[in-house]
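First comes the structure, then the notes that go with it.
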Amino acid sequence: MNPREQQTKERMMKRAPLVPSIKIMAKGLIPIAILLLGILSPLGYEGVAAPVTLTIVHTSSVNGYLFACPS
Amino acid sequence: MLGGLARRATLLKNLQNQGGPVLAVDSGDLFFDTTTDQADVKKVLTKARLIAQAYKRMGIVAVNVGDRDLSQGVDFLKQEAAQGLPLISANLVDAAQRQPIFPPSVIREIAGIRIAFVGLLRSPLPPAIEKSLEGKAAVEEPMETARKVTEGLKGKADLIILLSDLGWDQDVRIAKEIAGIQFILGGHEGRAITAPFQQGQTFIVQSYHKGMYAGMLTLLLEKSVSLFQDEGRITRIQEALSGLNRRSRDLQDAKERNPHLDIKPAIEGIKQQKDKLQKELKEAQKTVAQGTRFRWTLEPISSSLAEDAEVRSLIEATGIKND
């Protein structure tokens, strides 16, 4: 092994443990990030403070009428 | 011809099919008329049971007890409640124990907003209705009861809607004296109220009588409820402005036909009215945008609505063909 090859090998050895640790961290962080987003974001896209239209149907004084009345 | 139980059921079904939340409520005097003849009691009770059955199928959320609903005694109502009709009344109490016979209110949660429907009926009762109670039930003073119930709902409801059979004057008094009720859906007299009457922060309406119309209260609910603003007010002002414009054009046309006609004072009067309305419109547009918006309309139960087959067959099964 010439000195140049030796240098390259050493550099690779230094970097080698770094690559898997990034991968492991990324793997671990993705679910955590998803979980945090779910907890911290107030509403999902579909529920963005859009007003809900509620209809209340009201009758009064029906007085027992079953059928239509002359208006 | 307007009205009909089977058509009312169709209106409700059509609304439910649109997918948004729909709550159906009744303010009372649902079952009986004042003119009930003793000879008709069997027919009258058959009709009342039929209405209760149909309302349950329609998924009614709350039915307030009106004074006329007591005209065949309290036992009839107890039987219907036991069979699942959601009767409510905050001031109809057991005569001996002075405890409410039916739940004072019903709470429904829509989009995180807790909506309480409270029921009240008038006191004192007419002597004939008082007699029909046979000493089994009594009616507590409505104003004091309303105060207690609204106080008791603090922290449990975000919005209080009173289903009232008290009549217009008492409704206005409640709105004046008791804070925290956003809407009074009234009855008893059965007035046709097309423009909600605002008293303080409370809006009062009625939906006519004999089931000829259904009142439609549309609420645009957001995460929290702020002061309610009547969206229909803008439309009503705009309609009044259009009416004034039409009147002004008619006067101009009349002037063209008859040049000696003095239309100046009338035109000046219209101008003043228009200026006032323009100011009101600007203010309404500003306030409506700031609060929680609502609309109130009276929907005619017209013959263009098909009769609901299920309710129609319930009616046919009783053999009653007309009232």
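Within every chain, numbering begins at 1; the chains are lettered A, B, ... in the order of the sequence lines, protein sequences first and strands thereafter.
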Subject >> Evaluation steps, side-chain contact (heavy atoms from CB on, under 4.5 Å), between B:Phe228 and B:Phe203 >> reply: CA-CA 9 Å; B:Phe228 276 92; B:Phe203 291 90; 4.0 Å; yes

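Only the side chain of B:Leu50 comes within less than 4.5 Å of a heavy atom of chain A; its backbone N, CA, C and O stay farther away. At a 4.5 Å heavy-atom cutoff, the contact between B:Leu2 and chain A is made by backbone and side-chain atoms alike. If you measure heavy-atom distances from B:Leu221 to chain A, the contacts under 4.5 Å come from both the backbone and the side chain. Residue B:Arg191 does not touch chain A at all, counting heavy-atom pairs closer than 4.5 Å. For a residue to count as touching a neighbouring chain, one of its non-hydrogen atoms must lie under 4.5 Å from one of that chain's; by this rule B:Leu219 touches chain A with backbone and side chain alike. Within the 4.5 angstrom heavy-atom criterion, atoms from both the backbone and the side chain of B:Ala24 approach chain A. Of the atoms belonging to B:Met212, it is side-chain heavy atoms, and not backbone ones, that fall under 4.5 Å from chain A. Proximity to chain A is absent for every atom of B:Ile113, based on heavy atoms less than 4.5 angstrom apart.
In this structure, B:Tyr208 and B:Tyr213 have perpendicular ring planes: the angle between them is above 60°, well past the 30° mark.
No side-chain donor-acceptor contact under 3.5 Å links A:Ser60 to the backbone of B:Gln206. Checking side-chain atoms of B:Ser71 against main-chain N and O of B:Ser132 turns up no donor-acceptor pair under 3.5 Å. The backbone N or O of B:Ile204 sits nowhere less than 3.5 Å from a side-chain atom of B:Trp168 that would complete a donor-acceptor pair.
Of the listed residues (B:Ala6, B:Ser164, B:Ala54, B:Gly211), the greatest number of heavy-atom pairs within a distance under 4.5 Å of chain A belongs to B:Gly211. For the options B:Gln18, B:His188, B:Lys210, heavy-atom pairs under 4.5 Å to chain A are most numerous at B:Lys210. With chain A as the partner, the residue from B:Gly66, B:Gly20, B:Gly187, B:Gly186 showing the most heavy-atom pairs under 4.5 Å is B:Gly186. Taking chain A as the reference chain and counting heavy-atom pairs below 4.5 Å, the highest number among B:Ile315, B:Leu217, B:Ile301 is found for B:Leu217. When the candidates A:Asn63, A:Val52, A:Thr55, A:Leu66 are compared by the number of heavy-atom contacts under 4.5 Å with chain B, A:Asn63 comes out ahead. With chain A as the partner, the residue from B:Ser302, B:Ser303, B:Ser207 showing the most heavy-atom pairs under 4.5 Å is B:Ser207. Per-residue heavy-atom pair counts under 4.5 Å with chain A were compared for B:Val22, B:Leu30, B:Thr292, B:Leu5, and the maximum is reached by B:Leu30.
Neither side chain, B:Asp29 nor A:Ser61, offers a donor N or O lying under 3.5 Å from an acceptor on the other.
What you find for B:Arg108 and B:Val106 is that their closest heavy atoms are NH1-CG1, 3.7 Å. Of all heavy-atom pairs spanning B:Asn64 and B:Asp165, the tightest one is ND2-N, 3.6 Å. The minimum heavy-atom distance between B:Lys47 and A:Gly64, with the atom names listed, is NZ-O, 3.2 Å. The minimum heavy-atom distance linking B:Arg293 with B:Val288 is given by the pair CG-O, 3.5 Å.
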